[in-house]
There are 2 protein chains.
Amino acid sequence: MLSNSSKYALKAVIYLALHTDVNNKMLAKDISERINVPKAYMAKLLQGLAKRKIISSAKGPKGGFYSNPSNKNVTLLEVVEVIDGEKKLESCFLGLDDCNEHKPCPIHSLISPSRSKMIALLESTTIYDLSKDLELNKVFLPV
Amino acid sequence: MLSNSSKYALKAVIYLALHTDVNNKMLAKDISERINVPKAYMAKLLQGLAKRKIISSAKGPKGGFYSNPSNKNVTLLEVVEVIDGEKKLESCFLGLDDCNEHKPCPIHSLISPSRSKMIALLESTTIYDLSKDLELNKVFLPV
DNA sequence: TCTTTTATATGATTAATATCATGTTTTTTC
DNA sequence: GAAAAAACATGATATTAATCATATAAAAGA
Ligand code: FES
Ligand code: FES
């Protein structure tokens, strides 16, 4: 459903929200080991996420990647979209240019409600929301 | 959400259900033109679908691809799965090997219900069901 | 049986993802 | 300021998906 890149990005963003802040940064290398993602690829992804303000970064000694309060307010959907693009999840099942109610394909009415629900949840859940659940041990973060 | 191949396959299977039967076969070339899919690629996909009994085919003059009653009973999910594989839609958002209730990732409980609903609908809807709606002009088939 | 018509099987090419590698810039610390 | 440590930028390689091309086999009809 998602690309590897999006999965890696989500894991990294969630991990950073849980384990870092401006005073506790983390190296790309260490993040990659913790969440089990290829090192060099992780670094490239993190740089892209930082450029788009999904996470924060600092160069030089004592530098690294981290999550600040503003970063924790990004939604899960935003993370997916900066990597996989806007239409990865919303696109038509039959490849129509536009997926909407006005000119729906035969599958649209069938799956649109549940798919929209799922997307709406991803859109309304922030990294902060998730990390709360994790801190309360409601769920665990896999690597 | 789906690969191009799955989208092409769904369009072709639905189109064949509507416009062909054992006495009215259609050439790969013509199908590709009608549903707007690259000719050679369409042919390869149709051959794969025929081998897996998702559609039917006959060689030689008066041959071509078509849909028989048994073909019309395949579900939308089956079509997607023979092309994209079992786990394309069910796989974990964070890349866990198994996505299940027992060891769920932090996103699982959030999206699992709506995603399962969507998959269940794809699994319970046959090509025949869809073509009925199309014949009743409830929806239209895009190309 | 021969020719034509079609799917089938297979492989080649192209494009997109994913992965790896490395030189450059910024920042800290001494 | 010089050295070291980190992200940053960029490009190279590898793998997978998408597309194209063609030779082979089967079926129909003359
Ligand atoms: S128009 Fe095809 S899924 Fe919405
Ligand atoms: S375990 Fe991650 S989505 Fe189900």
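Naming: A, B, ... by sequence-line order, numbering from 1 per chain.
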Donor-acceptor list for residues 39-62 of chain B side chains, cut-off 3.5 Å, not counting sequence neighbours:
residue	atom	partner	partner atom	Å
Y41(B)	OH	S5(B)	OG	2.4
S56(B)	OG	N68(B)	ND2	3.0
S56(B)	OG	N71(B)	OD1	2.5

Sugar-phosphate only, base, or nothing, as touched by [X] at under 4.0 Å among non-hydrogen atoms:
| X | result |
| --- | --- |
| A43(B) | nothing |
| K25(B) | nothing |
| L27(B) | sugar-phosphate |
| M26(A) | sugar-phosphate |

In chain order, what residues pass the salt bridge (Lys or Arg N to Asp or Glu O under 4.0 Å) check against K29(B), with sequence neighbours excluded?
-> E33(B)
Provide the closest heavy-atom pair for Y66(B) versus T20(B) in the form atom of the first, atom of the second, distance.
-> CA-OG1, 3.3 Å
To the side chain of [X], which of [options] is closest?
| X | options | value |
| --- | --- | --- |
| F65(A) | dC8(D), dC20(C), dT8(C) | dC8(D) |
| Q47(A) | dT8(C), dC8(D), dT19(C) | dC8(D) |
| K44(A) | dT8(C), dT19(C), dC20(D) | dT19(C) |

Kindly say whether L2(B) contributes a backbone atom to a donor-acceptor pair with the side chain of S6(B) at under 3.5 angstrom?
-> no
Examine distances only and state if a side-chain atom of S114(B) and a backbone atom of I111(B) form a donor-acceptor pair shorter than 3.5 Å.
-> yes
According to a 4.5 Å side-chain heavy-atom criterion applied to Ile, Leu, Val, Met, Phe, Trp and Tyr, with indirect links allowed, do Y128(A) and F65(A) form part of one hydrophobic cluster?
-> no
Working for side-chain contact (heavy atoms from CB on, under 4.5 Å), residues I14(A) and L134(A) | CA-CA 10 Å; I14(A) 297 168; L134(A) 283 160; 3.5 Å; yes
Contact list for DNA chain C against residues 66-86 of chain A - heavy-atom distance below 4.0 Å = none
Sorted by number, residues from residues 1-8 of chain A placing a heavy atom under 4.0 Å from DNA chain C are S3(A), N4(A), S5(A), Y8(A)
Between I55(A) (CD1) and dC8(D) (P), how many Å, whole number?
-> 8 Å
Grab the N/O contacts between the protein and nucleotides 25-29 of chain D below 3.5 Å, and write none if there aren't any.
residue	atom	partner	partner atom	Å
dA26(D)	O4'	K59(B)	NZ	3.1

Contacts under 3.5 angstrom, residues 93-101 of chain A side chains, donor-acceptor by atom type, not counting sequence neighbours:
residue	atom	partner	partner atom	Å
N100(A)	OD1	H102(A)	N	3.0
N100(A)	OD1	K103(A)	N	3.1
E101(A)	OE2	H108(A)	NE2	3.1

